[in-house]
Amino acid sequence: MRTSASVLHLDLDAFFASVEQRDKPSLRGKPVVVGGVGGRGVVATASYEARKYGVRSAMSTREARSRCPHAAFLTGRFHAYREASAIVMGLLRSVSPLVEPLSLDEAFVDLAAADLPDLELATCVAVAEDLRARVHEATGGLTASVGLGTSKFIAKVASDLDKPDGLTVVPPGTERDLLRPMLVTVIPGVGPATAERLRRAGIQTVADLELVDLEELVRLVGKAHGNGLFHLARAQDDRLVVAEREAKSVSVEGTYDTDLTDRKLMEGLLTRQAGEVAERLRKHGLSGRTVSIKVRLHDFTTLSRSSTLSSPTDSTATVARMARGLLADLDTSGGVRLLGVGVSGLADWIQEDLFGETTEEEVEPLPEVEVPSSRRRTWSPGMDVEHTTMGRGWVWGAGRGVVTVRFETAASASGPVRSYPDDDPELSAWRPADPDETAPAPPA
DNA sequence: TCTGGGGTCCTAGGACCC
DNA sequence: TCTGGGGTCCTAGGACCC
């Protein structure tokens, strides 16, 4: 443990919402909610004005709307957030070379690696106050809450104690007294599931936790977690501030406003996601051996399937084919609300291509991968054409890469509904030719 | 029509090798 | 003929974080 309060944690207050209020004066002083605005969206950030109404991060947007109907609901402008974040991270790096970003709005700074005359409390506090002022100025008015302590854990707890726009210092030696009355959920890694297990064992505060011996803790929550809790409960935290961390996986996923049932559509969406993942791999000079898909069913049960290649790939075609192959295994007849594709087992080198440039248009050979015979199956989609008798379809809804079309049939002007990826060539044939024509009313 | 998206880390079981 | 370990890799699921 260090003896000086030289770990600094900085957290930008209500970050996304604050950027929106900064850029749009009419939103200042008003409740602002940034997050998914679709039927299945959740809140990413609520401004302090919205929090007064009980709107919280991770709450469904539906609930946020019912709690605070007059709030502005925004989808978010990520490059504005990235830009503001880059300014702040730059300021932090001007203080110390050792900066560990945790997300766009949060970072640790190791003042022991900074060029300071000493690490006395007063010196660290002066640095922190100066930093807060500079963040405010350089970002056009964003505020930050800062904590200073002898470890990451303590600095992070501290930054939370005086929000928004505050600074909290935990003097060396006072850590355990600070933690004892707090709930176990202040400890990073203690979420709802762990808190409930501990509660059943009569453990609610850090003081309670301190009384439990290591063996008992490991029995309760497992080896790694138990060990971690044992030490954090005693404010023992040796984790270093690390500037560079290598990515371990790259993934893309999406939740759809209505459940998907069409396998062809699912394959189309997985193919598109595979393309985004592969593009990000290539952009960062990465490739990976393990391709995974994630499928969340209508009832929220979440399945994952993965398959590992003998050598890493960054090819759209390979990732897409593997993703579709993994889907073939799953029963999705009840409907799917989320699909995702990921690549892990990353290597930061790109495989030598013995045959020169390979373009994405070329069909690559099937990857070498062991497939259990029970899974060896070919999915041959193929549109059924029963809905096409009238030769007309109405674009019914669109969003998140999906276009829903209602078809007319010989029997009914308001026939079956099908959904397509919005770049599906089949789709263009199904847009109504005459833009003035009105679509039939939706069914009740 | 409760429940995002992009990640990390851990656990547990089975395969496989020595 | 019977009975081992340990280590590593892979897969699936779950908890957690911001």
Side-chain angles (χ1 to χ4, degrees), chain A residues 9-16 33-45 56-67 75-76 78 81 85 100-108 152-153 156 159-160 184-198 218 221-229 239 242 245-259 273 276-277 280 289-310 326 329-330 335 337-346 369-372 375 400:
Chain A
H9 179 257
L10 178 140
D11 195 340
L12 293 160
D13 302 312
F15 180 51
F16 298 168
V33 177
V34 179
V37 296
R40 286 170 169 172
V42 299
V43 175
T45 313
R56 296 282 178 271
S57 294
M59 173 182 284
S60 73
T61 300
R62 178 176 310 277
E63 184 174 352
R65 272 190 213 278
S66 85
R67 287 180 188 242
T75 48
F78 275 80
Y81 308 152
S85 178
E100 178 177 339
L102 297 177
S103 63
L104 286 179
D105 65 340
E106 238 185 88
F108 288 113
K152 283 182 166 183
F153 175 33
K156 173 128 170 122
S159 71
D160 226 33
V184 289
T185 47
V186 297
I187 299 174
V190 180
T194 305
E196 176 58 19
R197 276 195 203 180
L198 294 175
V218 167
V221 301
K223 195 173 165 186
H225 212 171
N227 259 301
L229 286 189
R239 293 172 300 161
V242 270
R245 260 193 280 177
E246 280 169 21
K248 302 230 158 103
S249 66
V250 173
S251 65
V252 168
E253 65 184 51
T255 294
Y256 305 97
D257 279 347
T258 54
D259 290 348
Q273 291 175 331
E276 291 170 32
V277 168
R280 273 163 54 194
R289 289 177 59 221
T290 302
V291 174
S292 312
I293 64 165
K294 179 167 159 184
V295 177
R296 180 118 71 205
L297 304 177
H298 64 294
D299 65 354
F300 220 72
T301 57
T302 305
L303 309 174
S304 62
R305 291 293 181 272
S306 65
S307 184
T308 299
L309 295 161
S310 54
L326 291 165
D329 224 17
L330 301 175
R337 58 182 288 138
L338 171 147
L339 284 175
V341 175
V343 173
S344 57
L346 300 186
V369 52
E370 275 307 307
V371 181
R375 281 195 206 162
R400 287 189 181 274

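Each chain gets a letter, A, B and so on, in the order the sequences are listed, and its residues count up from 1.
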Taking any heavy-atom pair under 4.0 Å as a contact, classify [X]: base, sugar-phosphate, or nothing.
X: A:Gly189; value: sugar-phosphate
X: A:Val250; value: sugar-phosphate
X: A:Ala58; value: base
X: A:Asp259; value: nothing
X: A:Thr61; value: nothing
X: A:Arg280; value: sugar-phosphate
X: A:Leu104; value: nothing

Between [X] and [N], does any side-chain N or O lie under 4.0 Å from OP1 or OP2?
X: A:Lys156; N: C:dC17; result: no
X: A:Arg337; N: B:dT3; result: yes
X: A:Arg305; N: C:dA12; result: yes
X: A:Ser249; N: B:dG6; result: no
X: A:Arg245; N: B:dT8; result: no
X: A:Thr308; N: C:dC10; result: no
X: A:Lys248; N: B:dC9; result: yes
X: A:Ser251; N: B:dG5; result: no
X: A:Ser60; N: B:dG4; result: no
X: A:Arg62; N: B:dT3; result: no
X: A:Thr290; N: C:dC10; result: no
X: A:Arg289; N: C:dC10; result: yes

Expressed in whole Å, how much space separates the P atoms belonging to C:dG14 and B:dG4?
16 Å
Nearest-Å distance once atom C1' is located in both B:dT3 and C:dC16
16 Å
Output the rounded distance in Å from [atom1] ([X]) to [atom2] ([N]).
X: A:Asp329; N: C:dT11; atom1: CG; atom2: P; answer: 12 Å
X: A:Glu63; N: B:dC2; atom1: CD; atom2: C1'; answer: 8 Å
X: A:Glu196; N: C:dC16; atom1: CD; atom2: P; answer: 11 Å
X: A:Leu309; N: C:dC10; atom1: CG; atom2: C1'; answer: 13 Å
X: A:Arg67; N: B:dC2; atom1: CZ; atom2: P; answer: 17 Å
X: A:Glu253; N: B:dT8; atom1: CD; atom2: C1'; answer: 14 Å
X: A:Arg197; N: C:dC16; atom1: CZ; atom2: C1'; answer: 13 Å
X: A:Phe16; N: B:dG4; atom1: CZ; atom2: P; answer: 16 Å

Relative to the ring of A:Phe16, is the ring of A:Tyr81 parallel (under 30°), tilted (30 to 60°) or perpendicular (over 60°)?
parallel
Along DNA chain B (nearest heavy atom to each residue), the more 5'-positioned of A:Lys294 and A:Asp299:
A:Asp299
Relative to the 5' end of DNA chain B, which residue comes earlier, A:Val221 or A:Ser57, by the nucleotide with the nearest heavy atom?
A:Ser57
Choose from B:dT8, B:dG5, C:dT11 the nucleotide whose nearest atom is closest to any side-chain atom of A:Ser307.
C:dT11
Looking at the side chain of A:Ala224, which of B:dC10, C:dA12, B:dT3 is the nearest nucleotide?
B:dC10
Pairing of A:Lys152 and A:Glu100 as salt bridge, 4.0 angstrom limit
yes
Do the side chains of A:Leu338 and A:Thr255 get nearer than 4.5 Å, heavy atoms only?
yes
Smallest separation among heavy atoms of A:Ala195 and A:Thr185, with atom names:
CB-CG2, 3.8 Å
Would the distance check show the side chain of A:Ser251 and the main-chain N or O of A:Gly342 forming a donor-acceptor pair, the cut-off being under 3.5 Å?
no
Quick check: any donor-acceptor pair below 3.5 Å linking the side-chain of A:Arg40 to the base of B:dT3?
no
With rounding to the nearest 0.5 Å, note down the distance linking CG in A:Leu326 to OG in A:Ser292.
7.5 Å
Find the distance between NZ (A:Lys294) and CD (A:Gln273) and round it off to the nearest 0.5 Å.
11.0 Å
Could you tell me whether A:Glu246 atom CD has more than 12 heavy atoms of other residues or ligands within 6.0 Å of it?
no
So which nucleotide does B:dG13 pair with, by the Watson-Crick or G-U wobble rule with both distances under 3.5 Å?
C:dC10
